[in-house]
Amino acid sequence: MTEVVTRFAPSPTGYLHVGGARTAVFNWLWARKNQGRFILRIEDTDQRRNTPTATSQLISDLKWLGITWDEGPEVGGPKGPYLQSQRKEIYARYVQQLLDKGLAYYCLESTEDLARMRQQAQQQAGALIYRRPTTCPSAEQVRQAKAEGRPVAVRFAIPQDRPIVVHDLIRGRIEFDPAQISDFVILKADDLPTYNMACVVDDYLMGVTHVIRGQEHLNNTPCQQLLWQALFGDAPLPIYVHMAVTISQSGGKLSKRERPAALQAALAGMTDLDVASLARIGGIEPQQLEDFIAGKQSLDMPAVEAIAGALGLHLPEINIVDFRRSGYLPEAMVNFLALLGWNPGGNKEIMCIEELIQAFDLKRLTKANSLFDRGKLLAINTEHLKILATKDMPRLVRHLRAYLDEVRSPIRSADDQTLSRLIKICPGARTLADIEKKCRFAFIPTEQLTYDQVAWTKVMVQEGGLQVLPAIRQALEAIPPDQFTASTIEQTLRQIAQQAQVGLGKIAQPIRVAVCGSAVSPSIADTLELLGKPTTLARIDQALARKG
RNA sequence: GGCCCCAUCGUCUAGGCAGGUCUAGGACAUCGGGUUUUCAACCCGGCAACAGGGGUUCGAAUCCCCUUGGGGCUACCA
């Protein structure tokens, strides 16, 4: 039995996308399940699209998810380098081999030539299918073209003598007609290989046994298989596994465009817009914002996020960072991603990493595309939050701290013991953001406390909260400082409620609004204990003074 | 347009390959009720699906064909 080797091979064009993360999860799970190796390979052969920071961002997103690789950037390995841009000479050797064997040939068309040919083909049959001309450019012509700075590419000649049969682990036998497949470019004019070429060479050299990827690559597979056979003869092909893809609510691919689209839709639906100040927040011109709202112009991410943030708008999460910033747990993310297109067969859904590795099986991958459902993610996150709180509090505290740092919450100054306490007094929280929102009142100075006007009017004015507050204050003040604990506070408040013959809510809500400024916080006793006696009293006084 | 993949509740799916045990199971969402000091969580209950049409068969969600619908590819992107 040969060792299982899988790889995740993203092209570094930005943040790690959920779809990419899902591919990474499946490859990683399969390698771990089989005690095999998992490789991270960076496919940066497109010089125009790659951004310099993308690789490090990608790496930090994978690390956050808890995905570790045995070979790749940062950890190295025997088959490196793991950045394709650093493997140029390797690919060049293999391209030359194909050229020598007559299985590939040069072509000298310019981009404009190809565009013209494509247009012509469109009018007749459909797509352009490039075929080897009877006489290909000679070595002399190639040299001359290069000297003149004209583009020179190398194409692979698709053998036309037999159908191409691909075997896919979940889809079975798939037959392709070679007449439908264009002779594709393997070496670009910039001397870098194309995806199909680099992928095949690297998968072979790195000993990849299972190619697990999205089904958008299914049509590349005959090309890659042909290339593999031309280059490596009878060497066993990797096992191809084309997973169904994840699509968005709107139908197509889950795209980064969803975030700007959500913002645009929200802005377009607003009546009283302060375009000038919003544009300033986004760091753009008012006219640009107008055009964006009208759908005439796009905005870059920082601008989109700044404006959405100013409006308190929640944008749909697309990248792994988005989920991290929304307070999701990595183990919930991995659990959810794994369940998108796979399931263990029984009714078990909530699984920790170890359980996922145990249960994972490529044969149980689903064939149909699935819709990304954030509601389900939320539910899974809620479960994991609950599990971690009882089974691994230190770990949960680390997650919470990382989240607080990420969103620069005032709570981030608290020590670990306090964080663990916050988690305990927020038992039903769905995300780390819930905990932050619910507890931040205790970490801002009393004088900077803001009051939610709706809650204030309802609880303090309409329901007469301000009238009962002085008596409550008196009772709380009577509690000795060393006994100002949740249980004593609760006892005291219940007594007041009983004597006044009202429900606890009539007592608790006015205090809550007075000390938190809002109608939402942990249970009232926990809230006051967290605040401490002096602050509690000071805030009640401040609230009482507020009525004027 | 051409080629490839796919099709069970609103969503993720079990069941399909080895046809009867499926009056189709679970989870999320939703709705109703309960608990409750707010939010959330929690408990109980309800609604809800085999895309359509033809075959094969004693019998089809399951096998075959067609239609329809969805997705992907059709780059010197990956």
Side-chain angles (χ1 to χ4, degrees), chain A residues 9-13 43-46 48-50 84 107 109-111 114-115 118 122-129 151-155 166 168 171-172 174-177 179-182 184-190 192-196 198-199 214-222 242 244-245 247 249 251-253 336 339-350 366-373 375-380 382 385-386 426-430 434 437-438 455 459 490 493-494 497 503-509 511-513 516 518-525 527:
Chain A
S11 70
T13 55
E43 308 220 326
D44 54 349
T45 55
D46 185 343
R48 283 182 331 216
R49 287 207 319 169
N50 297 331
Q84 291 186 329
C107 48
E109 284 86 4
S110 66
T111 319
L114 286 169
R118 205 162 282 130
Q122 211 104 62
Q123 279 162 8
Q124 298 159 11
L128 169 66
I129 294 176
V152 176
V154 178
R155 284 180 191 264
V166 168
D168 183 276
R171 286 164 215 282
I174 304 162
E175 190 173 314
F176 294 87
D177 178 2
Q180 297 289 339
I181 302 176
S182 183
F184 57 96
V185 170
I186 55 176
L187 192 70
K188 301 183 278 187
D190 63 4
L192 279 162
T194 56
Y195 161 69
N196 278 325
C199 179
Q215 68 154 323
E216 66 267 24
H217 291 288
L218 195 50
N219 290 306
N220 286 321
T221 310
H242 289 95
V245 298
I247 55 182
Q249 253 88 0
K253 270 189 184 175
F336 174 70
L339 249 23
L340 226 48
W342 170 80
N343 73 83
N347 284 334
K348 195 167 172 61
E349 284 195 326
I350 304 301
T366 301
K367 286 182 182 175
N369 291 171
S370 47
L371 224 67
F372 190 85
D373 180 3
K376 186 83 176 186
L377 206 213
L378 235 203
I380 290 178
T382 308
L385 215 43
K386 223 175 294 176
C426 296
R430 311 206 76 182
D434 284 352
K437 242 185 301 175
K438 221 172 179 175
V459 176
E490 174 144 6
L493 295 181
R494 279 194 192 283
L504 194 50
K506 288 278 176 252
I507 303 299
Q509 279 309 80
I511 311 174
R512 192 174 337 256
V513 174
C516 305
S518 84
V520 177
S521 85
S523 83
I524 194 65
T527 296

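In this text, all values refer to a predicted model and were calculated from it rather than measured experimentally. Here is the naming used below: chain letters follow the sequence lines, and residue numbers restart at 1 for every chain.
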Looking at every strand, decide which applies to A:G505 at a 4.0 Å heavy-atom threshold: base, sugar-phosphate, or nothing.
sugar-phosphate
Rounding to a whole Å, what distance do you find between A:H217:NE2 and B:U74:C1'?
15 Å
Could you check whether A:P10 gets within reach of a base, just the sugar-phosphate, or nothing at all, counting any heavy atom under 4.0 Å?
nothing
Less than 3.5 Å between a donor and an acceptor, one on the side chain of A:K438 and one on the base of B:C39, is that the case here?
yes
For B:C6 and B:A51, measure between their P atoms and round to the nearest Å.
15 Å
Between A:K188 and B:A78, does any side-chain N or O lie under 4.0 Å from OP1 or OP2?
yes
How is A:G341 classified with respect to the nucleic acid when contacts are heavy atoms under 4.0 Å: base, sugar-phosphate, or nothing?
sugar-phosphate
Salt bridge or not between A:D46 and A:R49? Use side-chain N to carboxylate O under 4.0 Å.
yes
Send over the distance from A:L371 CG to B:G70 P, rounded to a whole Å.
14 Å
Indicate whether OP1 or OP2 belonging to B:A40 is found under 4.0 Å from a side-chain N or O atom of A:K386.
no
Under 4.0 angstrom, heavy atoms only, what part of the nucleic acid is A:L114 near: base, sugar-phosphate, or nothing?
base
May I ask you to say what A:S523 touches in the nucleic acid, namely base, sugar-phosphate or nothing, with a heavy-atom cut-off under 4.0 Å?
base
Pairwise C1' distance, B:U67 and B:G20 [rounded to whole Å]:
29 Å
How is A:H242 classified with respect to the nucleic acid when contacts are heavy atoms under 4.0 Å: base, sugar-phosphate, or nothing?
nothing
With a 4.0 Å cut-off on heavy atoms, is A:P151 in touch with a base, just the backbone sugar-phosphate, or nothing at all?
base
Do NZ/NE/NH1/NH2 and the carboxylate oxygens of A:E349 and A:K376 come within less than 4.0 Å?
yes
May I ask you to verify if any side-chain N or O of A:R155 is less than 4.0 angstrom from the OP1 or OP2 atom of B:C76?
yes
Separation between CD (A:Q84) and CG (A:N50), nearest 0.5 Å, reads 10.0 Å
Under a 3.5 Å cut-off for both contacts, is B:U57 paired Watson-Crick or G-U wobble with anything, and if yes, with which nucleotide?
none
Distance, rounded to the nearest Å, where A:Q84 contributes CD and B:C77 contributes C1'
13 Å
Just checking A:L339: base, sugar-phosphate only, or nothing, at a heavy-atom cut-off of under 4.0 Å?
sugar-phosphate
What integer number of Å spans the P atoms of B:U36 and B:A29?
23 Å
Taking the same atom, C1', in B:U62 and in B:U56, what whole-Å distance lies between them?
13 Å
Closer than 4.0 Å, any side-chain N/O of A:N219 to the OP1 or OP2 of B:C3?
no
How far does CD1 of A:I524 sit from CG of A:L493, to the nearest 0.5 angstrom?
7.0 Å
Please give the distance between the C1' atoms of B:C3 and B:A24 as a whole number of Å.
36 Å
Checking all strands, does A:R512 fall into the base, sugar-phosphate, or nothing category for heavy-atom contacts under 4.0 angstrom?
base
How does each nucleotide of nucleotides 22-33 of chain B score, in 5' to 3' order, for protein heavy atoms under 4.0 Å: base (B), sugar-phosphate only (S), or none (-)?
----BBSS----
At under 4.0 Å between heavy atoms, how does the protein contact nucleotides 44-49 of chain B? Give one character per nucleotide, 5' to 3', with B, S or -.
------
So A:T194, base contact, sugar-phosphate only, or nothing? Heavy-atom distance under 4.0 Å.
sugar-phosphate
For B:A78, does OP1 or OP2 lie under 4.0 Å from any side-chain N or O of A:T45?
yes
A:R118 side-chain N/O to B:C76 phosphate OP1/OP2 under 4.0 Å
yes
Modelled atom types, side-chain donor and acceptor of A:S521 and A:R512, under 3.5 Å
yes
May I have the distance from A:N220 (atom CG) to B:A75 (atom P), rounded to whole angstrom?
11 Å
Quote, to the nearest angstrom, the C1' distance that separates B:G16 from B:A7.
13 Å
Select base, sugar-phosphate, or nothing to describe what A:A153 touches, counting heavy atoms under 4.0 Å on all strands.
base
Measure the CD-OG1 distance between A:E43 and A:T13 for me, rounded to the nearest 0.5 Å.
12.0 Å
Just to be sure I understand the rule, does A:D434 reach a base, reach only the sugar-phosphate, or reach nothing, if contact means heavy atoms closer than 4.0 Å?
nothing
Pick the C1' atom in B:C4 and in B:G26, then give their distance to the nearest Å.
33 Å
Which part of the nucleic acid, if any, lies within reach of A:F372 when heavy atoms closer than 4.0 Å are counted: base, sugar-phosphate only, or nothing?
nothing
